[in-house]
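Since the structure comes first, as structure tokens, the remarks are kept for the end.
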Amino acid sequence: MSTQRGRERLELLQGTLDLLILRTLIFGPEHGQGIARVIQQTSDKELLVEHGALYPALQRLEERGWISAKWGISTNNRKARFYSLTSAGRKQLVKETSKWNRLTAAIERILASEEA
């Protein structure tokens, strides 16, 4: 993932893309390009998901049983795989969101510390 605005590239911690994909799919099935577009738009164009990162992540999530995929036709009339969140994926999303919130709270405490 990278930024598009010419500012410093935003590097994501390992596993962050998985969390973003799971969160995106909570709204319903989507194809790969659609997932990337939602992440980019929702992040106010701060995050650009590159194909080289997106498709291996989708494959990994499918292998773990957190998402499922089936073939369909996209809005531009092309054959595409549409990904859906599974019940195991919903449970994982709750776990990953909780871990993310704990991590960001801990980092915030460190950054706000007067000793730092």
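Please read these numbers as outputs of a predicted model, since none were measured by experiment.
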Checking [X] side chain against [Y] main chain: does a donor-acceptor pair fall under 3.5 Å?
X: Thr86; Y: Trp66; result: yes
X: Thr42; Y: Val38; result: yes
X: Ser43; Y: Gln40; result: yes

Spell out, yes or no, whether [X] and [Y] are grouped together once hydrophobic residues are joined by side-chain heavy atoms under 4.5 Å, including indirect joins.
X: Ile67; Y: Val94; answer: no
X: Phe82; Y: Leu20; answer: no
X: Leu54; Y: Phe27; answer: yes
X: Ile39; Y: Tyr55; answer: yes

request  = From the options Ile26, Ile21, Leu25, select the one residue that forms a side-chain contact (heavy atoms from CB on, under 4.5 Å) with Leu93.
outcome  =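 Per the side-chain contact (heavy atoms from CB on, under 4.5 Å) rule, the option paired with Leu93 is Ile26, out of Ile26, Ile21, Leu25.
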query = With sequence neighbours left out, what residues match Lys99 under salt bridge (charged side-chain N to carboxylate O under 4.0 Å, His left out)?
reply =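 Lys99 satisfies salt bridge (charged side-chain N to carboxylate O under 4.0 Å, His left out) with Glu96 only.
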key: Closest approach of Gln92 to Leu22 (non-hydrogen atoms, all atoms of both residues)   =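 Looking at all heavy atoms of both residues, the closest pair is CG-CD1, 4.3 Å.
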ask   = What are the two closest non-hydrogen atoms of Arg64 and Asp18, and how far apart are they?
value =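 The answer is NH1-OD2, 3.6 Å.
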query = When you look at CZ of Arg81, are more than 12 heavy atoms from neighbouring residues, nucleotides or ligands closer to it than 6.0 Å?
reply =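 Yes, enclosed.
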key: Partner residues of Asn76 under the side-chain contact (heavy atoms from CB on, under 4.5 Å) criterion, sequence neighbours left out   =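 Result, side-chain contact (heavy atoms from CB on, under 4.5 Å) vs Asn76: Ser74, Arg78.
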inquiry  = What's the separation between atom CG in Leu85 and atom NZ in Lys91, rounded to the nearest 0.5 Å?
reply    =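 Nearest 0.5 Å value for the CG-NZ distance: 12.0 Å.
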task = Enter the distance from Leu58:CG to Glu63:CD here, rounded to the nearest 0.5 Å.
result =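 Separation between the atoms: 11.0 Å.
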Distance-only donor-acceptor pairs under 3.5 Å for side chains of residues 29-36, two or more places apart:
| residue | atom | partner | partner atom | Å |
| --- | --- | --- | --- | --- |
| His31 | ND1 | Gln33 | N | 3.4 |
| His31 | ND1 | Gly34 | N | 3.2 |
| Gln33 | NE2 | His51 | NE2 | 2.3 |

